[in-house]
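Every heavy atom of this structure was used, including side-chain atoms; hydrogens, water molecules and symmetry mates were not. Remember, it's 1-based here, ligands and their atoms both numbered in the order they're listed.
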Amino acid sequence: MTITRRDFMAAGALGTVGLCVTGHLTGQVLEARDLPPEDGYRLWLRYAPPAPAMAARYRAAVRQVIVEGYTPTSQIVRTEAGNALASMLQAAVPTSQTGLNAGALVIGTPANSPAIRSLGWTRELDALGAEGYIIRPATIGGHAVIAIASQGELGALYGTFHFLRLMATGQPIGALNQRERPKVMLRMINHWDNLNGTIERGYAGASLWKWNDLPGTLDPRYTDYARVMASIGLNGAVINNVNVNVPNLPIFSAEYLPKVAALASVWRPYGIRMYLSVNFSSPVTIGGMKTADPLDPGVAAWWRTKADEIYALMPDFGGFLVKANSEGQPGPKDYGRTHAEGANVLADALAPHKGNVIWRAFVYDDDIDPDRAKRAYIEFTRLDGKFKPNVLVQVKNGPIDFQPREPFHPLFGGMKHTPVLAEVQATQEYMGQAKHLVYLGTMWEEFLQSDTWAKGKGSTVAKAIEGAVEPYSVTGFVSVTNPGQDRNWCGHHFSQANWYAAGRLAWNPELKADQIAEEWIRMTFTNDPAPVATIRDLMMRSREIYLNYTMPLGLHHLIGGNHYAPMPQNSGGPRRDWTAVYYHQASTEGIGFDRSSKGDNYVGQYFPPVRDMFDNLATCPETYLLFFHRLPWTYRLKNGQTLWNGLVSHYNQGVRDAEAMRATWQSLAGAIDPQRHKEVADRLDIQVKDAAAWRDQILTYFQQFSKMDRV
Ligand code: GCV
């Protein structure tokens with residue numbers, strides 16, 4: 001059978017490339033301008049054929065796949081490797097459990113594979129744990145092979161995806177010596193999906209979970225989802241919105257839990273554990289009790305019974321995510337109890353099953369402090385040491401709410417006894433949603449590499465969440481991602497990169513944004529060096545461009561209720577701390593929020609060198625200037641410009657760069673398949689228009705205070 005590049009591009013669902021047949025290679029690499037349309041469904045798992053010379057080298061190196069294990073996970077490894085190789089090599093590669101020959105790719109664990117056991121790597125594998133792996137050339141039974149070995153089956157799956165990524169990105173595979181283990185234990189995404197199919201802050205269509213059809217009908221997309229997640233090392237998902245409002249309550253009921261369990265059973269062989277957001281008042285709202293007071297023995301018993309019911313259906317259930325006493329959600333403070341007392345009653349219920357409570361620190365009760373940025377730190381540091389061992393506190397990257405730029409949240413490094421996991425947001429709520437091209441890898445690298453100084457220099461946020469600053473017993477990294485039923489999962493093709501980056505950083509928070517971007521581009525679009533370099537540059541600059549035309553120099557929350565369009569004049573609404581005026585405080589005297597030691601001393605929540613760096617105008621990075629300082633319009637920036645002129649320059653630069661980004665993308669026509677190229681181009685048109693609107697609206701508004709010209 002002849003497999004052409006067009007067959008590859010036209011192949012259907014993710015994971016069903018369907019080329020596992022005997023055959024030989026005759027496919028020609030087409031001219032770029034002939035590239036057939038792609039719709040983005042396969043994300044970074046397209047397994048496109050590499051350049052012919054590289055394909056020939058790969059074909060010589062991998063002539064057979066041997067996976068001796070027979071469990072569902074081993075079956076997935078076999079199918080994934082077989083399909084991916086057939087697609088990339090444009091020829092079927094014999095894939096089996098037995099009959100090992102020279103040129104085999106041998107994948108397994110010492111327990112499920114005599115071939116892997118014969119390597120004698122057991123001690124080395126034990127040191128890497130059940131999710132770690134080695135990829136290395138080896139000799140088995142006198143045959144030269146490449147081995148992907150792990151102590152556990154999931155490690156073998158992750159190793160397989162790693163190996164396939166190397167091939168899909170055009171890397172040499174001849175002399176590999178890869179030893180990997182994840183640096184973080186809970187690598188999760190949060191979905192903010194409602195039971196009625198809508199998604200809060202979802203920009204890619206309806207919810208993936210088809211509740212009316214579950215548990216009987218399992219959409220094949222559930223499998224595709226699990227495969228995508230495992231391919232970047234993610235191992236957990238919360239499937240429902242943290243706002244567990246009344247219409248979402250039934251998820252905890254006897255009717256819905258079997259539906260949840262059916263989904264969990266699809267994900268299990270991919271190592272994706274199921275978690276649920278819970279409403280703290282559940283004992284009342286669904287249990288019919290009179291109270292949800294966490295210190296009430298009846299309430300504790302209710303949670304234990306509910307946990308037992310869940311674990312009877314899903315023995316590997318991960319645990320509960322709780323948004324309590326935040327934005328209208330109920331919580332322990334309704335009963336005069338603390339967040340720790342609230343979390344602990346759930347933790348006790350889950351502990352016998354080895355489940356975790358993930359308790360969000362996204363709280364900002366205004367009786368705590370007038371400055372929203374200060375509130376969570378005050379509440380949670382008071383409680384450090386009071387949480388049960390299976391409680392983790394989930395903290396957003398910054399102290400406000402996923403703004404385009406915020407300093408790192410001082411709870412990173414600030415909690416000595418309670419594991420803190422990081423929550424970032426891939427769904428671009430405040431970052432142009434699915435309309436603007438904004439790669440967030442750079443933002444997360446900036447966040448993760450921020451030095452907290454909690455235990456001296458080098459106590460970065462990354463190290464803190466890895467448990468290398470304080471020895472947390474459990475560690476985690478979470479991204480609010482919100483894929484939906486849009487064909488391309490994420491709305492914008494480039495938003496896929498943020499899902500990808502979140503997964504890669506959850507595995508290893510030390511990774512660099514440019515490396516992640518390059519991997520993603522090569523797997524998602526092309527391996528041709530020139531377009532790869534062009535797109536990487538565009539992605540790496542995209543967040544700064546977005547900042548320039550929306551909220552430069554440390555401005556934040558200049559946005560309306562849809563969190564998309566500019567609304568600097570917004571001063572009304574249900575809460576002051578949801579309005580722009582509260583944050584920018586612009587007046588004829590100047591602009592900015594004084595969080596310095598002369599202001600409300602938010603800086604005091606950081607360790608001394610960080611505190612002083614932000615506090616002192618001479619050392620505060622200008623990227624954070626107006627987050628920490630309130631300054632007159634005539635204040636001189638480091639480049640000598642007045643603050644007003646500097647603002648004007650940033651906005652103008654942002655608009656020019658957005659236009660340049662569009663022109664750059666246009667220049668890639670022919671290098672990118674036409675459908676995806678056009679869909680991105682259409683969105684860039686919107687982005688350019690929006691950038692100008694942002695600049696004009698914000699500067700017109702501030703000009704009434706600065707009373708200076710827009711030069
Ligand atoms: C799920 C912000 C968002 C809300 C979100 C909340 C949270 O306020 O706008 O939609 O609610 O964060 O993270 O809980």
Please report which non-hydrogen protein atom sits nearest to atom 2 (C) of ligand 1, along with the residue it belongs to and the distance in Å to one decimal place. Asp401 OD2, 2.9 Å
Using a distance-only test with no angle check, is there a side-chain donor-acceptor pair under 3.5 angstrom linking Asn397 and Glu406? no
So the atoms of ligand 1 within less than 4.0 Å of a heavy atom of Glu200 turn out to be 1 (C), 4 (C), 5 (C), 10 (O), 11 (O)
Does ligand 1 come near enough to Glu327 that some N or O of the ligand is less than 3.5 Å from an N or O of the residue? yes
Quick one: which ligand 1 atoms are inside 4.0 Å of a heavy atom on Val242? 1 (C), 14 (O)
N/O to N/O below 3.5 Å, does that happen between Lys323 and ligand 1? yes
Could you tell me whether the side chains of Glu327 and Tyr364 share a donor-acceptor contact shorter than 3.5 Å? yes
Could you check which of Lys396, Gln425, Gln329 puts a non-hydrogen atom nearest to atom 12 (O) of ligand 1? Lys396
Restricting to pairs with a member in residues 411-421, which pass side chain to side chain donor-acceptor pair (under 3.5 Å), not counting sequence neighbours? Asp384-Thr418
With heavy atoms of Asn241 as the reference, note each atom of ligand 1 found under 4.0 Å away. 1 (C)
Contact check: Asn243 vs ligand 1, nitrogen or oxygen atoms, below 3.5 angstrom: yes
Do any N or O atoms from the side chain of Asp193 and from the backbone of Asn241 form a donor-acceptor pair under 3.5 angstrom? no
So if I count the atoms of ligand 1 from 1 in the order they appear, which ones are less than 4.0 Å from some heavy atom of Phe362? 6 (C), 7 (C), 8 (O), 12 (O), 13 (O), 14 (O)
Is the Tyr549 ring parallel, tilted or perpendicular to the His436 ring (thresholds 30°, 60°)? tilted
Could you tell me whether Val480 approaches ligand 1 through its side chain, its backbone, both or neither, with non-hydrogen atoms closer than 4.0 Å? neither
Suppose I only count heavy atoms of His563 and a 4.0 Å limit; which atoms of ligand 1 are within that range? 9 (O)
Taking distance alone, with N or O pairs closer than 3.5 Å, would you say Trp192 contacts ligand 1? no
Among side-chain atoms of Asp696 and Thr700, is any donor-acceptor pair under 3.5 angstrom? no
Does the pair Tyr225 and Trp267 meet the rule for a ring pair (Phe, Tyr, Trp, His ring centres under 6.0 Å), with working shown? CA-CA 8 Å; Tyr225 166 89; Trp267 296 354; 5.2 Å; yes
Answer side chain, backbone, both or neither: which part of Phe402 comes under 4.0 Å from ligand 1, heavy atoms only. neither
Is there a donor in the side chain of Tyr275 and an acceptor in the side chain of Asn190, or the other way round, less than 3.5 Å apart? no
More than 12 non-hydrogen atoms from neighbouring residues, nucleotides or ligands closer than 6.0 Å to CZ on Arg575, yes or no? yes
Out of all atoms in ligand 1, which are within 4.0 Å of some heavy atom of Glu429? Include the element for each. 2 (C), 3 (C), 9 (O)
